[in-house]
2 protein chains.
Amino acid sequence: MRADFLKGHLDTLILSVLEPASLHGYAIIAELKSRSGGELALAEGTVYPALHRLEDAGLLASAWSNVDGRRRRVYRLSRRGRRALGAGRTEWHRFAAIVDSVLAATDRPVPA
Amino acid sequence: MRADFLKGHLDTLILSVLEPASLHGYAIIAELKSRSGGELALAEGTVYPALHRLEDAGLLASAWSNVDGRRRRVYRLSRRGRRALGAGRTEWHRFAAIVDSVLAATDRPVPA
DNA sequence: CTTGACACCTAGCGTCGCTAGGTATAATCT
DNA sequence: AGATTATACCTAGCGACGCTAGGTGTCAAG
C-alpha cells in the first residue's frame, strides 16, 4: 500500500481501536493489523509519534504501567478524543464518497 | 475537507477524469468539481504541478492548443497512464476496505 | 549466549497538497 | 475608457506527517 494513502487518516484509525478498550502502543499496532486482516502493518516509527501528537492535542491520555518488568504506556480516549473519533468517521465517509463518485463516473454517456 | 486526505489519491482522480476524453488543466479542475457534486474544489497550485508530475512520469502526454487567443495545454492518457488508472482504482478500493474494516470493528464482542 | 519477541523512543528525510504570488487574454460591467 | 471578472497557465516555498533507520532495555526460548 502506498505510504501517503494514510496521510490524515491515521489519527482516526488509532482513535477507533481505542474506542472499546484502552491499549498500549505495541498492542495498538497489533490491533490495527488484526482489524484489517493483516493488511495494515504499521511501523513503530509511524504509530508512536502519532500517539504523542494525539496526546498533545488532548484526544488521548496515557498512563505508565508495568507488566513482568516491561513498562507500557497505556492510552485511553479522552472525551474530546471520542468526539474527534465521531467527526473523523463522518469525514472519512464523506471523503470516500467523493473519491468513489469521481472514480466511478467513467461510464458517463459519451456524445455519439 | 482535510487537505492531507488527498495525499496519494490525487493522481488517480486526475487520471480518471481523463479517461473518457482529453482535457486541459482548467477543465480538469472543473470536471473534478462537477463529478464530485461540487465537493472537490481544487486550487490550481494543486492540480498544475500534479499534471507536470504525471507527464514526467509518462502517464500523461500534453499538447498545446489555441482557442480564441487563449492557449491551452491539453492532456491525454498515455497507455501507461491507462494502466496506472486501473491499478489506482484497485488500490483505492483496497485501501478504502481496510479503513472501513478498522473503523467499523467497534462492535466486536467484549469479554464479559 | 544468541536470537527473537516485547516495548518504548526520536532525528531527519521525502513527498506533495497548498498558499500566495505572478503573467496574459477576452468578455463584461460601470 | 477603465475596472472587474472569467479563462488559462505557471512556480517558489511552506507545512504536515508517515516512514526509515537507528537507538535503549527486558524477558523467554533455543
Side-chain angles (χ1 to χ4, degrees), chain A residues 1-15 22-34 36 39-57 59-60 62-75 88 91 95 98-99 102, chain B residues 1-15 22-34 36 39-57 59-60 62-75 88 91 95 98-99 102:
Chain A
M1 191 188 60
R2 286 276 319 277
D4 291 352
F5 279 10
L6 266 193
K7 285 264 170 80
H9 304 290
L10 177 59
D11 291 2
T12 303
L13 294 179
I14 289 176
L15 294 177
S22 297
L23 295 172
H24 63 285
Y26 211 76
I28 290 171
I29 293 174
E31 180 65 13
L32 285 170
K33 190 170 181 177
S34 157
S36 62
E39 307 262 27
L40 204 58
L42 299 184
E44 300 172 17
T46 297
V47 175
Y48 287 121
L51 290 170
H52 300 162
R53 273 202 312 272
L54 289 167
E55 182 164 24
D56 288 347
L59 306 185
L60 295 181
S62 74
W64 285 102
S65 88
N66 218 298
V67 176
D68 292 331
R70 289 201 198 89
R71 59 174 196 155
R72 291 175 171 178
R73 194 171 205 166
V74 177
Y75 291 90
E91 281 183 84
F95 172 70
I98 290 172
V99 175
V102 172
Chain B
M1 190 189 58
R2 286 276 319 278
D4 291 352
F5 279 9
L6 264 196
K7 285 261 169 85
H9 303 292
L10 177 60
D11 291 1
T12 303
L13 295 178
I14 289 176
L15 294 178
S22 297
L23 295 171
H24 64 284
Y26 211 75
I28 290 171
I29 293 174
E31 178 66 15
L32 286 169
K33 190 168 183 180
S34 158
S36 63
E39 306 264 26
L40 204 58
L42 300 184
E44 301 174 15
T46 297
V47 175
Y48 286 122
L51 290 171
H52 300 163
R53 275 202 310 273
L54 289 168
E55 181 164 23
D56 289 346
L59 306 184
L60 295 182
S62 73
W64 285 102
S65 86
N66 219 298
V67 175
D68 290 332
R70 289 202 196 86
R71 59 176 197 153
R72 293 175 169 177
R73 193 172 205 165
V74 177
Y75 291 89
E91 282 183 84
F95 173 70
I98 289 172
V99 174
V102 171

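First the proteins, then the strands, lettered A, B, ... as listed; each starts at 1. Worth saying up front: this structure is predicted, and the values here are computed from it rather than measured.
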For Ile28(B) and dT7(D), what is the distance between atoms CD1 and P respectively, to the nearest whole Å? 16 Å

To the nearest angstrom, the CH2-P distance between Trp64(B) and dT7(D) comes to 18 Å

End axis versus end axis in the helix from dC1(C)-dG30(D) to dT30(C)-dA1(D), the angle rounded to 10°, five pairs used at each terminus: 10°

Only counting residues at least two apart or in another chain, list the ones meeting side-chain contact (heavy atoms from CB on, under 4.5 Å) with [X].
X: Arg73(A); answer: His52(A), Glu55(A), Ser62(A), Trp64(A), Tyr75(A)
X: Ser36(A); answer: Glu39(A), Leu40(A), Ile98(B), Ser101(B), Val102(B)
X: Ala57(A); answer: Leu59(A)
X: Phe5(B); answer: His9(A), Glu91(A), Phe95(A), Met1(B), Arg2(B)

Give, ordered by number, those residues of residues 48-56 of chain A having at least one heavy-atom distance below 4.0 Å to an atom of DNA chain C; if nothing qualifies, reply none. Tyr48(A), Pro49(A), His52(A)

For Arg53(B), give me all partners under salt bridge (Lys or Arg N to Asp or Glu O under 4.0 Å), at least two apart in sequence or on another chain. Asp11(B)

Among all residues two or more places apart in sequence or in another chain, which pass the salt bridge (Lys or Arg N to Asp or Glu O under 4.0 Å) test with Glu44(A)? none

Kindly state which residues belonging to residues 1-11 of chain B come within less than 4.0 angstrom of DNA chain D, counting heavy atoms of the residue only, listed by number. Arg2(B), Asp4(B), Lys7(B)

Produce the list of close N/O pairs, under 3.5 Å, pairing protein atoms with atoms of nucleotides 26-30 of chain D; give distances to one decimal.
residue: dT26(D); atom: O3'; partner: Gly69(A); partner atom: O; Å: 3.4
residue: dT26(D); atom: O2; partner: Arg70(A); partner atom: NE; Å: 3.3
residue: dC27(D); atom: OP1; partner: Asp68(A); partner atom: O; Å: 3.4

Bounded by its outermost nucleotides with an atom under 4.0 Å from a heavy atom of chain A, the footprint on DNA chain C reads dC6(C) to dC16(C)

